[in-house]
Amino acid sequence: MEAIQVQRQKRIAVINDLSGMGRCSLTVALPIISHLGVQCCPVPTAILSNHTGYATYFFDDYTDRMEAYTAEWKKLGFTFDGIATGFLGSARQIHLVRDFLQNFGGVQTQVIVDPVMGDHGKLYVTYTQELCQEMKGLVELADIATPNLTEACSLTGTPYKESGWHKKELREMAEKIVALGPDRVVITGIPQGEFIANYVCEKGSEQRLLRTHRVGTGRPGTGDVFASIIAADAVNGIGFDQSVRRASGFVRKCIKRTIELEIPQNDGVCFEEMLPGLRRNA
């Protein structure tokens with residue numbers, strides 16, 4: 001008798017902070033990855049009442065609990081089809097993520113690193129040069145990296161400029177990041193006049209500059225929305241170019257609807273009511 005193969009639902013471990021309000025990090029990843037048919041398994045790095053863009057917030061660093069938390073997963077023999085990382089606030093957290101990749105990553109595991117270090121040409125105050133080097137080392141272990149323009153400049157030692165980027169400059173920067181280790185890189189949030197662009201670089205494929213019309217201004221959590229779609233698509237076997245196109249298109253639709261509803265800037269984007277339009281199979 002032919003053996004019956006049981007197909008397990010795919011799952012991604014997402015290592016990021018949990019902010020109760022503000023639509024970012026894990027509160028974005030959980031619903032989006034789940035909607036795309038993948039089990040989202042959070043590894044919290046910190047617990048916040050709301051993200052730090054608000055005037056005041058509660059913050060509980062979870063670093064000291066991360067090892068005990070993931071040790072239980074190791075005892076139970078859990079495995080993951082994908083491991084995705086977001087904001088990491090210290091060298092120790094990055095070291096814990098490296099250990100997590102060693103303990104739970106396999107040949108087939110897709111590792112997606114969003115090197116959350118800064119924006120608009122400035123690194124976050126927590127990011128020292130030492131910490132930037134640690135993040136660069138983590139990017140080396142990724143299959144996919146999703147830096148924004150500021151982060152791509154930091155990873156490659158490229159001077160930042162607000163506009164006037166040529167394809168040749170973007171290609172050189174993307175190829176430097178690919179040379180670190182990832183075979184797929186997308187540099188996000190590149191200003192192009194009335195457009196906003198993403199530069200897509202994948203080993204063995206033609207590189208592309210994908211542009212969409214700019215809508216409104218940047219909001220908290222849009223990078224998390226984008227990276228969550230990229231991560232789910234990666235384990236679902238959807239092509240990288242296609243995934244970037246639909247992630248950027250979805251973010252644009254979310255921003256447009258958020259403006260229509262006059263949602264405050266700090267509250268992020270109202271992706272929830274837009275989820276029905278995000279198809280599981282692109």
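These numbers come from the heavy atoms of this one structure, side chains and all, not from hydrogens, waters or symmetry mates. Sequence positions, counted from 1, serve as the residue numbers for this chain. These figures come from a predicted structure and were not determined experimentally.
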- Query: Taking the six-membered ring of F195, is NZ or CZ of R214 closer than 6.0 Å to its centre and within 45° of its axis?
  - Reply: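 That pair does not qualify as a cation-pi contact.
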
- Message: Between E175 and Q207, is there a side-chain donor-acceptor contact under 3.5 Å, judged purely by atom types and distance?
- Response: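 Yes - a donor-acceptor pair under 3.5 Å links their side chains.
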
- Message: Does either side chain, that of D17 or that of T45, offer a donor lying less than 3.5 Å from an acceptor on the other one?
- Response: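 The criterion, which ignores hydrogens and geometry beyond distance, is not satisfied for T45 and D17.
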
- Does any N or O in the side chain of N236 come within less than 3.5 Å of the main-chain N or O of L36, such that one atom is a donor and the other an acceptor? yes

- Okay, side chain of D224, backbone of S25: is any donor-acceptor separation there less than 3.5 Å?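 Present.
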
- Message: Just so I know, are the side chains of S205 and F240 near enough to count as touching, which here means a heavy-atom distance under 4.5 Å?
- Response: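 Side chain of S205 against side chain of F240, heavy atoms only: no contact under 4.5 Å found.
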
- Message: Between the side chains of K168 and E172, is the shortest nitrogen-to-carboxylate-oxygen separation below 4.0 Å, so that they form an ion pair?
- Response: yes

- Is the shortest side-chain N to carboxylate O distance from D267 to R23 below 4.0 Å? no

- Note on the structure: In short, side-chain hydrogen bond (donor to acceptor under 3.5 Å, both in side chains) pairs touching residues 70-97 with sequence neighbours left out are R8-D81, T63-Q93, D64-R92, E72-K75, K74-N103, H95-E134

When hydrophobic residues are tied together by side-chain contacts of less than 4.5 Å, even through go-betweens, does [X] share a cluster with [Y]?
X: I15; Y: L48; result: no
X: I94; Y: L123; result: yes
X: V14; Y: V113; result: yes

- Message: E162: which residues meet the salt bridge (charged side-chain N to carboxylate O under 4.0 Å, His left out) condition with it, sequence neighbours left out?
- Response: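 So E162 forms no salt bridge (charged side-chain N to carboxylate O under 4.0 Å, His left out) with any residue.
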
- Message: Angle between ring planes, F80 versus F78, binned at 30° and 60°: parallel, tilted or perpendicular?
- Response: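 Ring orientation of F80 relative to F78: perpendicular.
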
- Query: What pairs meet the ring pair (Phe, Tyr, Trp, His ring centres under 6.0 Å) rule with one or both residues in residues 144-167, with sequence neighbours excluded?
  - Reply: none

